[in-house]
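To start, the structure itself, in structure tokens.
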Amino acid sequence: MDCIFCRLAEGDEGSLLYRDEHVAAFRDINPQAPHHILIVPRRHLATLNALEAADAEVAGRLTLTAQRLANELGFAEAGYRVVMNCNGHGGQTVFHIHLHLLGGRAMGWPPG
Ligand code: 5GP
Ligand code: ZN
């Protein structure tokens with residue numbers, strides 16, 4: 001299996017914003033906000049539908065890493081958006097779970 005997010009997550013630490021035992025974070029190649037970061041589990045999981053109870057730790061780490069990076073990058077207080085797209089109606093295009101962390105500008109609602 002050739003998965004771009006597996007390769008990025010396990011690749012050079014220099015291109016990552018964060019990595020621990022469970023998750024890795026890197027900048028989106030096509031940013032939709034001044035800060036657009038993708039946080040991924042290091043273990044390949046295709047969609048949110050693949051998460052099981054045993055993945056509770058990694059699921060929690062995704063959101064905790066979003067909060068941590070928002071703090072470190074200085075936009076936690078101003079606010080930010082976290083999004084996980086699932087399958088066709090969700091607009092998912094890369095089939096390795098990723099949490100989008102978007103910050104640095106005001107977001108609209110509802111999303112498109
Ligand atoms: P999705 O639509 O699946 O929720 O989001 C996929 C995201 O991955 C998009 O925002 C897209 O710009 C980003 N992306 C796709 N390919 C790459 C890549 O090779 N490197 C990085 N850093 N981001 C990518
Ligand atoms: Zn993968």
Side-chain angles (χ1 to χ4, degrees):
M1 185 196 56
D2 189 33
C3 171
I4 179 65
F5 286 2
C6 279
R7 267 192 277 135
L8 287 168
E10 299 311 311
D12 177 19
E13 208 160 347
S15 52
L16 299 176
L17 292 171
Y18 180 78
R19 182 161 66 192
D20 64 21
E21 181 189 346
H22 297 282
V23 303
F26 46 85
R27 291 196 180 273
D28 196 290
I29 203 170
N30 182 24
Q32 302 301 312
H35 293 284
H36 186 172
I37 294 153
L38 301 174
I39 306 160
V40 306
R42 292 182 66 177
R43 185 163 61 83
H44 184 84
L45 291 160
T47 81
L48 190 51
N49 291 337
L51 271 187
E52 298 178 352
D55 301 314
E57 169 91 34
V58 73
R61 295 289 186 123
L62 294 173
T63 49
L64 287 170
T65 302
Q67 181 221 62
R68 176 196 183 113
L69 289 173
N71 268 300
E72 284 180 8
L73 295 167
F75 57 84
E77 288 309 315
Y80 53 95
R81 173 81 45 88
V82 292
V83 178
M84 193 182 284
N85 298 323
C86 183
N87 280 340
H89 281 189
Q92 184 174 5
T93 60
V94 176
F95 288 85
H96 176 131
I97 287 180
H98 47 283
L99 191 66
H100 295 258
L101 168 62
L102 298 135
R105 67 167 173 85
M107 306 290 155
W109 192 264

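Note that ligands are numbered from 1 as they come in the structure, with each ligand's atoms numbered from 1 the same way. Everything numeric here is computed off the predicted structure, so don't read it as measured data.
With waters neither drawn nor counted, the protein N/O/S atoms under 2.8 Å from the Zn ion (ligand 2) amount to 4.
Separation of atoms CG (Asn85) and CG (Leu99) is listed at 10.0 Å; rounding is to 0.5 Å. In this structure, the separation between CD on Gln67 and OH on Tyr80 is 5.5 Å, given to the nearest 0.5 Å. Rounded to the nearest 0.5 angstrom, His100 NE2 and Arg81 CZ are separated by 12.0 Å. For the atom pair CD of Gln32 and CE of Met107, the computed distance is 10.0 Å after rounding to the nearest 0.5 Å. Going from atom NE2 of His35 over to atom CZ of Arg105 covers 12.5 Å, rounded to the nearest 0.5 Å.
In this structure, Arg61 contributes its side chain and Pro41 its backbone to no donor-acceptor pair below 3.5 Å.
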Output, in order, the C-alpha distance, side-chain angles, deciding distance and verdict of side-chain contact (heavy atoms from CB on, under 4.5 Å) for Arg7 and Asp2.
CA-CA 8 Å; Arg7 267 192 277 135; Asp2 189 33; 3.1 Å; yes

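Counting heavy atoms from C-beta outward, Leu51 and Leu45 have side chains that approach closer than 4.5 Å. Taking the side chain as every heavy atom from C-beta outward, Leu62 and Ile97 approach each other to under 4.5 Å.
Here the shortest heavy-atom distance to atom 24 (C) of ligand 1, taken over Val83, Ile29, Leu99, Asn30, belongs to Ile29.
Of all atoms in ligand 1, listed by their number and element, those nearer than 4.0 Å to a heavy atom of Gly91 are 1 (P), 2 (O). If you number the atoms of ligand 1 from 1 as listed, the ones under 4.0 Å from a heavy atom of Leu8 come out as 20 (N). The atoms of ligand 1 that sit less than 4.0 Å from any heavy atom of Phe26 are 22 (N).
Nearest protein heavy-atom neighbour of atom 11 (C) of ligand 1: Asp28 OD1, 3.4 Å. Closest to atom 15 (C) of ligand 1 among all protein heavy atoms lies Val94 CG2, 3.9 Å. The protein atom (non-hydrogen) at minimum distance from atom 22 (N) of ligand 1 is Arg27 O, 2.8 Å.
Under a 4.0 angstrom heavy-atom cut-off, His98 registers as being in contact with ligand 1.
Geometrically, ligand 1 and Thr93 share a nitrogen or oxygen pair separated by less than 3.5 Å. Residue His36 has no N or O atom closer than 3.5 Å to an N or O atom of ligand 1. Taking only nitrogen or oxygen atoms, main chain and side chain alike, Ile4 does not reach within less than 3.5 Å of ligand 1. The distance criterion of under 3.5 Å between nitrogen or oxygen atoms is not met by Phe5 with respect to ligand 1.
Under the salt bridge (charged side-chain N to carboxylate O under 4.0 Å, His left out) criterion, Arg43 pairs with Asp55, sequence neighbours left out.
Under the 6.0 Å cut-off for aromatic ring centres, His98 and His96 do not qualify, their centroids lying 6.0 Å or more apart.
Residue Gln32 does not touch ligand 1, judged by heavy-atom distances below 4.0 Å.
The only option from Thr65, Leu69, Asp28, Leu102 that meets the side chain to side chain contact (heavy atoms under 4.5 Å, CB included) definition with Ile37 turns out to be Leu69.
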